Number of protein chains: 2
Amino acid sequence: MNQPRDIVKKLTEHGYRLTPQRLMIVSAIEDSDGHISAEEIYAQVIAKYPQVNISTVYRTLELLKKLGLVTETDFGEGRVRYHPAGKGHHHHLVCQECGAIVDLDESVLVPLKNVLLREYGFSADLRHLAIFGRCVKCSQ
Amino acid sequence: MNQPRDIVKKLTEHGYRLTPQRLMIVSAIEDSDGHISAEEIYAQVIAKYPQVNISTVYRTLELLKKLGLVTETDFGEGRVRYHPAGKGHHHHLVCQECGAIVDLDESVLVPLKNVLLREYGFSADLRHLAIFGRCVKCSQ
DNA sequence: AGGTATATTGCAAGCTTTTGCAATTACAAC
DNA sequence: GTTGTAATTGCAAAAGCTTGCAATATACCT
Ligand SMILES: [Zn+2]
Ligand SMILES: [Zn+2]
Ligand SMILES: [Zn+2]
Ligand SMILES: [Zn+2]
């Protein structure tokens, strides 16, 4: 599991600077339940460091995504949520009718990943998906 | 294949009004290559009907989505693209490294759809996906 | 410790999409 | 055809996210 320490290590390894802003943003993500929004990260950061700008939050999230340290998932709420890669992978089924969200084990996507790799040589980044549709109740 | 006429039929069947704005928006989508953005639809509409507002375009797209007449796909461009459901289903593999986009037959997603239905009773709406990752060339 | 290069930040402006509200319009009923 | 009613629209503002640029700060070198 990635702890802030590991993320910090990966940042320095890649030549990125350790700024107080980045450290606080990383901590906010790691301390979350794993489905945190940019605005929620921002709120936590400015509580301790009020002059930080939200564009720094977005730029840091983009960097962490690029390094594979966080995933970005759209649950259809009008804002996107972030998950630290170190907290384990899974997916979600989102009912567009009633809003119910069911968790899905990572293994369900493995066959698709394999087909894409075998038949297209394509390494699909399928971590922490939100799959939309209709749940059992709403399909009647 | 849905023609504008079929979309019009479905709108009236469901009790929605046929406004000139809606008719022009539907035509723009049907006349497109199947990957049209809201801004592009808007440009076509105001060429003939200059007082139309772009929020009407977005509201109409939301309605057509709800009725299953168009799909919405994010290719990672910072804007979303729309596809008329009547033009047939397929998916895309999008390389995050070089930007290459490969088409994918609809059948590749069928096993996943079936597993979700069998094991979770969930009817996944997996039409016209953009799957991100790395293409063969960029995986070396 | 001090100096330097350049990565990073804050700020302001911009882009895409959504939303509240009052004015308008489609459609049904007469 | 007129009227009534509710759906739809245009407008303006706002929400979420991105970007250009000048100012700042980190990490490296001495
Ligand atoms: Zn999750
Ligand atoms: Zn449901
Ligand atoms: Zn397509
Ligand atoms: Zn590529």
Side-chain angles (χ1 to χ4, degrees), chain A residues 7-26 28-29 35-46 48-67 69-82 96 130, chain B residues 7-26 28-29 35-46 48-67 69-82 96 130:
Chain A
I7 294 192
V8 164
K9 197 177 149 206
K10 195 140 187 176
L11 285 172
T12 47
E13 264 173 16
H14 284 76
Y16 294 104
R17 294 180 183 173
L18 292 181
T19 65
Q21 290 92 331
R22 281 183 180 160
L23 295 175
M24 297 194 69
I25 292 164
V26 166
I29 300 169
H35 298 101
I36 193 169
S37 70
E39 201 68 44
E40 287 164 0
I41 295 168
Y42 179 60
Q44 282 194 44
V45 171
I46 58 169
K48 290 193 178 177
Y49 207 135
Q51 78 275 28
V52 171
N53 196 273
I54 195 159
S55 64
T56 300
V57 174
Y58 281 110
R59 282 192 275 232
T60 300
L61 286 168
E62 200 176 345
L63 174 61
L64 297 176
K65 266 193 285 172
K66 200 176 70 181
L67 295 176
L69 298 170
V70 306
T71 57
E72 183 186 83
T73 305
D74 178 5
F75 289 90
E77 303 169 292
R79 86 195 48 78
V80 127
R81 293 193 172 272
Y82 298 89
Q96 282 166 319
Chain B
I7 294 192
V8 164
K9 196 177 149 207
K10 196 140 188 175
L11 284 173
T12 47
E13 264 173 15
H14 282 77
Y16 294 103
R17 294 184 182 170
L18 293 182
T19 65
Q21 290 92 332
R22 280 183 180 159
L23 295 175
M24 298 194 69
I25 291 164
V26 166
I29 299 169
H35 299 100
I36 193 169
S37 70
E39 200 68 44
E40 287 164 359
I41 295 168
Y42 178 59
Q44 282 194 45
V45 171
I46 57 168
K48 291 193 177 177
Y49 207 135
Q51 78 275 27
V52 172
N53 196 274
I54 195 158
S55 64
T56 300
V57 174
Y58 280 109
R59 282 193 275 232
T60 300
L61 287 168
E62 200 177 343
L63 174 61
L64 297 176
K65 266 193 285 172
K66 200 176 71 182
L67 295 176
L69 298 170
V70 306
T71 56
E72 183 186 83
T73 306
D74 178 4
F75 289 91
E77 304 169 290
R79 85 195 47 79
V80 126
R81 293 192 172 272
Y82 298 90
Q96 282 166 318

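As a basis for the values below, the full set of heavy atoms in this structure was taken, side chains included, without hydrogen atoms, waters or symmetry mates. Labels below follow one simple rule: chain letters A, B, ... track the order of the sequence lines, proteins then strands, and each chain is numbered from 1. Keep in mind it's a predicted model, so treat the numbers as computed, not measured.
Toward the 5' end of DNA chain C, the nearer of the two residues B:Pro20 and B:Arg81, judged by each one's closest nucleotide, is B:Arg81. In this structure, A:Thr56 and B:Asn53 both approach DNA chain C, and ranking their closest nucleotides by distance from the 5' end singles out A:Thr56.
A sub-4.0 Å separation between OP1 or OP2 of D:dT18 and a side-chain N or O of A:Ser55 is absent. Under 4.0 angstrom from either OP1 or OP2 of C:dA26 there lies no side-chain N or O belonging to B:Thr19. Using a 4.0 Å cut-off, no side-chain N or O of A:Tyr58 falls inside it from OP1 or OP2 of D:dT18.
B:Glu62 comes within contact range of no nucleotide atom at all, as no heavy-atom separation falls under 4.0 Å. Across all strands shown, B:Gln51 has heavy atoms under 4.0 Å from sugar-phosphate atoms exclusively, and none from any base. Across all strands, B:Ser37 comes closer than 4.0 Å to no nucleic acid atom at all (heavy-atom distances). Residue A:Arg59 is in base contact, counting any heavy-atom pair closer than 4.0 Å across all strands shown. Among the atoms of the strands shown, only primed sugar atoms or phosphate atoms (P, OP1, OP2) are found under 4.0 Å from some heavy atom of A:Arg79. At the heavy-atom level, B:Leu18 lies under 4.0 Å from the strands shown only through sugar-phosphate atoms. Note on A:Gly78: only backbone sugar-phosphate atoms sit closer than 4.0 angstrom, heavy atoms only; bases stay farther off.
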Legend entry - Audit row: B:Ile41, B:Leu61, side chain to side chain contact (heavy atoms under 4.5 Å, CB included) steps and yes/no: CA-CA 10 Å; B:Ile41 295 168; B:Leu61 287 168; 3.9 Å; yes
Inset, instruction - Apply side chain to side chain contact (heavy atoms under 4.5 Å, CB included) to B:Leu63 and B:Leu11, showing your working. - result: CA-CA 9 Å; B:Leu63 174 61; B:Leu11 284 173; 3.8 Å; yes
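Put simply, the side chain of A:Arg17 and the base of C:dA7 share a donor and an acceptor less than 3.5 Å apart.
When the P atom of D:dA7 is taken as reference, atom NE2 of B:His14 falls 15 Å away, rounded to whole Å. Rounded to an integer number of Å, the gap from OH of A:Tyr49 to C1' of C:dT8 is 12 Å. In this structure, CG of B:Leu61 is placed 15 Å from P of C:dT16, rounded to the nearest angstrom. The distance from atom OH of A:Tyr42 to atom P of D:dA15 is 14 Å, rounded to the nearest whole Å. Between the C1' atom of D:dA6 and the OH atom of B:Tyr16 lies a distance of 13 Å, rounded to the nearest Å. For the pair A:Leu23 CG and D:dA25 C1', the computed distance is 14 Å after rounding to whole Å. For the pair A:Leu67 CG and C:dA7 P, the computed distance is 15 Å after rounding to whole Å. Look at CD1 on A:Ile41: it is 10 Å from P on D:dC17, rounded to the nearest Å.
B:His14 is listed as a side-chain neighbour of B:Leu67, based on a closest heavy-atom distance under 4.5 Å. Residues B:Ile54 and B:Glu39 form a side-chain contact, since some pair of their non-hydrogen atoms from C-beta on lies under 4.5 Å apart. Taking the side chain as every heavy atom from C-beta outward, B:Thr56 and B:Val45 never approach each other to under 4.5 Å.
Screening A:His35, A:Glu72, A:Glu40 for a side-chain hydrogen bond (donor to acceptor under 3.5 Å, both in side chains) involving A:Arg81 leaves a single residue, A:Glu40.
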